[in-house]
Amino acid sequence: MEERKIQLPLDEETILSLKAGDSVLLTGTMITGRDAAHQRLFETIQNHQKLPIKLEGEVIYYVGPAPSKPGVPVGSAGPTSSYRMDKVAPILMEHGLKGMIGKGNRSKEVIDSMKKNKCVYFAAIGGLGAMISKSILNSEVLCYEDLGTEAIHRFWVKDFPAIVVIDSEGNNLYEIEQAKFREAE
Amino acid sequence: MRIVHTNTVKDAVKNLFIEANFDIGESVFKVIQDSIRKEKSQLGQSVLGKIYDNNILAKKERIAICQDTGMSVVFIQIGQDIHFEGDYINDAINQGVREAYEEGYLRKSVVRDPLFERVNTKDNTPAVIHTSIIPGDKIFIEVMPKGFGSENMSTLKMFAPSAGIDGVKQFIIDAIEKAGPNACPPMIVGVGIGGTFEYASYLAKKAVLRGPDHKHPDPRYRELEEEILTKVNKTGIGPAGLGGLTTAFAVNIEVYPTHIASIPVAINISCHASRHASIEI
Ligand code: SF4
């Protein structure tokens, strides 16, 4: 499988060129966040308060890493299911978020917002936490430290393996590939 | 009567959780290799290959296979001729979990209250402990760090007897279609049929523990397992949900007598990172 090397954060031209089915190796920086962090970001926006991080141009990885052993930046760090972030994702895209990395399908609202805001959704393969951790060079807590594994981190990554599953036009690789192998009864 | 100190149980639980999280075990390694040969999707094959490599890496470098090192489920069978010395047995088990998750650099994923606050207990306790008393003077412990991507896709339904075998089959297929990529396929599907509402769930979890290589001893159920597995693998979901023929490694059914008014059916789904370890003391 041919892999495209992609630099993070994503620029507009790259986003538009990424198509469902592209295997990519991501290098650069991303932020992390899952259920609890999304809930806090949501409440902050609802209350018209200032966000603790900038979202413009960022890619967010839905992950709660395992603790790091001494001498390594991060423990096992594969993706968590994305649907649990669907309620908040469109609001974050309105605030400038350009990419999401997780696993599993997204709601229609998320996909509509991705098309409108020109945003791309990558899947990392679930259950590859040990392997994926090798592509994370450094990790630092940005905010919500009290949430432990659920805190928002910045990750510095090199050749982080992912696949474009939903592109900025809304093409969905899960649907395309599953249909090829589905045998109707 | 045999006297066993609860520290023995604590240490066993600790070692089992660490081992289970680092080493997926022979049966899963083997079923992944078999599936690579049978998989027709190129992308699916490459995903299976990566899963295999990830599990090798985790074992070699002693890193958690998956960052979701689960909620800690413990099945302990205690011979009725055992007398425990030391702590309350459940405290010893929880202490074993605490030490495993600390020393093994495993993720602590348990919140104290399911509804209010949801504050992390920071040591992955309490475990979910299933105790049963068996004849003899041995102790058998089986542990399962259960990830919740797949646990969240599990389900239960109380059928009327008229729903019959076809109703049960459809229910299982529907659950797997709904789970899709979220459950990190290829899955091991545990199905508990019979008993009561809660017992069917218990059976489903026991069924997952059988792993990919233990078929049901009753030929009727063995055939049913095969038939449902074939259907599941025709859904097209495939490895990681990216399309293919390997949606599940196994469908395991456990049964128990039930009431004249019902067919309770519980489905407990495990992801490909189907981790477990056991020991006899
Ligand atoms: S479903 Fe299993 S493999 Fe997937 S993220 Fe959860 S524990 Fe890991």
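Below, chain A is the first sequence line, B the second, and so on; all start at residue 1.
Surrounding CD1 of B:Ile165 are at most 12 heavy atoms belonging to other residues, nucleotides or ligands under 6.0 Å away. More than 12 heavy atoms of other shown residues, nucleotides or ligands fall within 6.0 angstrom of atom CD in B:Glu151. Residue B:Glu177 qualifies as enclosed at atom CD: its count of foreign heavy atoms under 6.0 Å is above 12. Dense packing is recorded around NZ of B:Lys169, with more than 12 heavy atoms of other residues, nucleotides or ligands lying under 6.0 Å away. Counting non-hydrogen atoms of neighbouring residues, nucleotides and ligands closer than 6.0 angstrom, the CD atom of A:Gln49 exceeds 12 such neighbours. More than 12 heavy atoms of other residues, nucleotides or ligands lie within 6.0 Å of CZ in A:Arg4, so this atom counts as buried by the packing criterion. Atom CD of A:Glu56 has more than 12 neighbouring heavy atoms from other residues, nucleotides or ligands inside a 6.0 Å radius. Atom CD of A:Glu13 has 12 or fewer heavy atoms from other residues, nucleotides or ligands within 6.0 Å.
The CG atom of A:Leu128 sits 9.5 Å away from the CD atom of B:Gln67 when rounded to the nearest 0.5 Å. Interatomic distance, CD of B:Glu61 versus OG of A:Ser76, reported as 11.5 Å (0.5 Å rounding). Between atom CD1 of residue A:Ile176 and atom CG of residue B:Leu242 there is a gap of 11.0 Å, rounded to the nearest 0.5 Å. Atom NZ of A:Lys180 is separated from atom NZ of B:Lys40 by 15.5 Å, given to the nearest 0.5 angstrom. Here the CZ-OG1 distance, from A:Phe181 to B:Thr247, works out to 10.5 Å after rounding to the nearest 0.5 Å. To the nearest 0.5 Å, atom NZ of residue B:Lys50 and atom CD1 of residue A:Ile132 are 9.0 Å apart.
Contacts of A:Ile163 with chain B are made by side-chain atoms alone, with heavy-atom separations under 4.5 Å and no backbone atom involved. In this structure, no portion of B:Glu103 lies under 4.5 Å from any heavy atom of chain A. For A:Val72, no part lies under 4.5 angstrom from a heavy atom of chain B. Looking at B:Arg275, neither its backbone nor its side chain comes within 4.5 Å of chain A, counting heavy atoms on both sides. Looking at B:Ile237, both its backbone and its side chain come within 4.5 Å of chain A, counting heavy atoms on both sides. Only the backbone of A:Pro79 has a heavy atom closer than 4.5 Å to any heavy atom of chain B.
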### Task
Would you check, one step at a time, whether the test side-chain contact (heavy atoms from CB on, under 4.5 Å) holds for A:Lys134 with B:Leu57?
CA-CA 10 Å; A:Lys134 295 286 175 187; B:Leu57 178 73; 4.1 Å; yes
### Task
Start with the C-alpha distance between B:Asn152 and A:Tyr83, add both sets of side-chain angles, then the distance that settles side-chain contact (heavy atoms from CB on, under 4.5 Å), and finish with yes or no.
CA-CA 12 Å; B:Asn152 272 344; A:Tyr83 72 92; 3.7 Å; yes
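For the pair A:Met131 and B:Asn54, the tightest heavy-atom approach, listed with the atom from each and the gap, is N-OD1, 2.8 Å. Of all heavy-atom pairs between B:Leu43 and A:Glu177, the closest is CD2-CG, 4.4 Å. Contact record, A:Pro67 with B:Lys108: CG-NZ, 3.8 Å, taken as the closest heavy-atom pair. The two residues B:Tyr105 and A:Lys69 have their closest heavy-atom pair at CD1-CG, 3.5 Å.
For the set B:Ser41, B:Gly147, B:Pro239, the count of heavy-atom pairs under 4.5 angstrom toward chain A peaks at B:Ser41. Annotation: maximal heavy-atom pairing with chain A below 4.5 Å, among B:Asp53, B:Ile51, B:Ile63, occurs at B:Ile63. Comparing A:Gly104, A:Gly127, A:Ser68 by how many heavy-atom pairs each has under 4.5 Å with chain B, the most go to A:Gly127. Ranked by non-hydrogen atom pairs under 4.5 Å with chain A, the options B:Cys66, B:Ala58, B:Pro181 are led by B:Pro181. Comparing B:Ala240, B:Ala64, B:Gly44 by heavy-atom pairs within less than 4.5 Å of chain A, the highest count is held by B:Ala64.
Under a 4.0 Å N-O distance rule, the pair B:Arg107/A:Glu150 does not qualify as a salt bridge.
Between the side chain of B:Asn182 and the main chain of A:Ser81, no donor-acceptor pair closer than 3.5 Å is present.
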